[in-house]
Amino acid sequence: MTSSSMNMMGRVVFYEDRNFQGRSYECSSDCADMSSYLSRCHSCRVERGCFMVYDRTNFMGNQYFLKRGEYSDYQSMMGMSDCIRSCRMIPMHRGSYRMRIYERENFGGQMHELMEDCDNVMDRYRMSNCMSCHVMDGHWLMYEQPQYRGRMMYMRPGEYRNFSNMGMSGMRWMSMRRIRDDYY
């Protein structure tokens, strides 16, 4: 591995307690269950890259996006009700971004193609719901409220026919943002 590709890899250090105290676990890839490394996790430092963290094992539950920086007590910062149980590294993407969003499950109803961030699906497309999508290029975050607020979901390239099958039933996705390389 070259030194330039090593610099592109993400690295995060998780700590059991707030303010970077207690036992720590360094991670530079996906981790489906952190319980074998730490009994709990309440703070972290993202040294390189971007990560999605989850409050349940196996990349389930509420999701939170972390870019390079320090998170001394992210429970209070993000309103997390529990500690981090799993994490996923988001690979850097250089190139175009393209995603199709659909009003209904299984790519039904209105369809719109995004290549840029969309701060309000309702205002821009008169679309009251987004229930499936196809990510062709890039990595995206979808938010339940306009202006990139509320709960979020990480979308990597692939087809997503039904968000409720992903544990997101009853949620409406109202804004989308690209995970750009300047976050790294």
Side-chain angles (χ1 to χ4, degrees), residues 1-99 117 133-144 148-160 163 166-168 173 175-184:
M1 193 177 296
T2 67
S3 62
S4 63
S5 62
M6 291 272 295
N7 289 337
M8 295 299 170
M9 288 179 48
R11 185 168 67 206
V12 60
V13 181
F14 296 101
Y15 297 87
E16 282 188 327
D17 297 319
R18 290 167 180 81
N19 299 313
F20 319 111
Q21 300 295 310
R23 288 186 0 187
S24 65
Y25 168 64
E26 184 176 308
C27 184
S28 58
S29 62
D30 295 353
C31 181
D33 186 358
M34 293 178 52
S35 64
S36 58
Y37 306 106
L38 300 173
S39 61
R40 62 187 178 277
C41 177
H42 290 291
S43 61
C44 68
R45 282 188 175 105
V46 179
E47 295 176 358
R48 287 192 309 260
C50 295
F51 289 82
M52 286 305 289
V53 295
Y54 304 81
D55 63 3
R56 293 178 47 206
T57 60
N58 297 314
F59 319 112
M60 301 293 288
N62 291 314
Q63 305 179 28
Y64 302 91
F65 174 71
L66 301 178
K67 59 184 179 179
R68 192 172 16 143
E70 295 188 341
Y71 302 86
S72 61
D73 181 4
Y74 47 74
Q75 277 187 305
S76 63
M77 289 172 25
M78 297 179 206
M80 259 180 115
S81 60
D82 201 357
C83 61
I84 292 174
R85 302 282 184 211
S86 58
C87 74
R88 177 162 290 182
M89 188 184 75
I90 302 172
M92 183 182 288
H93 174 77
R94 291 208 169 117
S96 62
Y97 289 80
R98 213 171 90 197
M99 174 171 62
D117 298 351
C133 76
H134 179 193
V135 178
M136 283 83 78
D137 295 303
H139 299 264
W140 297 74
L141 291 174
M142 296 179 71
Y143 296 83
E144 71 175 333
Y148 318 114
R149 293 187 343 249
R151 289 185 291 180
M152 62 182 75
M153 182 167 56
Y154 167 53
M155 309 302 287
R156 54 189 176 180
E159 293 184 347
Y160 302 89
F163 295 145
M166 300 168 62
M168 301 293 181
W173 303 103
S175 55
M176 293 84 187
R177 174 179 278 169
R178 299 162 294 151
I179 302 175
R180 300 183 321 265
D181 60 356
D182 60 339
Y183 290 156
Y184 294 79

I'd like to know if the side chain of [X] and the backbone of [Y] have a donor-acceptor N/O pair within less than 3.5 Å.
X     : Y     : value
Ser86 : Arg56 : yes
Asp33 : Ser35 : yes
Asp55 : Gly61 : no
Ser43 : Asp17 : yes
Arg48 : Met9  : yes
Tyr71 : Val46 : no
Glu47 : Arg11 : no

Nearest non-hydrogen partners of [X] and [Y], listed with the distance:
X      : Y      : result
Phe14  : Cys44  : CD2-CB, 3.7 Å
Ser28  : Gly10  : CB-O, 3.0 Å
Arg149 : Tyr143 : O-CB, 3.5 Å
Met176 : Trp140 : CB-CE3, 4.2 Å
Gly138 : Tyr97  : CA-CD2, 3.7 Å
Tyr183 : Lys67  : O-CB, 3.7 Å

Student check: side-chain heavy atoms of [X] and [Y] closer than 4.5 Å:
X      : Y      : answer
Ile90  : Tyr184 : yes
Met152 : Met52  : yes
Tyr64  : Ile84  : no
Met142 : Val135 : no
His139 : Pro157 : yes
Ser39  : Glu16  : yes

As an exercise, state the distance from [atom1] of [X] to [atom2] of [Y], rounded to the nearest 0.5 Å.
X      : Y      : atom1 : atom2 : value
Arg178 : Asp117 : CZ    : CG    : 4.5 Å
Arg88  : Cys31  : CZ    : SG    : 11.0 Å
His42  : Ser72  : NE2   : OG    : 13.0 Å
Thr57  : Arg85  : OG1   : CZ    : 8.5 Å
Met89  : Phe51  : CE    : CZ    : 6.0 Å
Ser24  : Arg45  : OG    : CZ    : 10.0 Å

When the ring planes of Tyr160 and Phe163 are compared, do they come out parallel, tilted or perpendicular, using 30° and 60° as the limits? tilted
Do the ring planes of Tyr25 and Tyr37 sit parallel (below 30°), tilted (30 to 60°) or perpendicular (above 60°)? parallel
Verify the neighbour count for atom CZ of Arg68: are there more than 12 heavy atoms of other residues, nucleotides or ligands below 6.0 Å? no
Taking salt bridge (Lys or Arg N to Asp or Glu O under 4.0 Å) as the test, write out the residues that go with Arg156, two or more places apart. none
Are the aromatic ring centres of Phe59 and Tyr154 under 6.0 angstrom apart? no
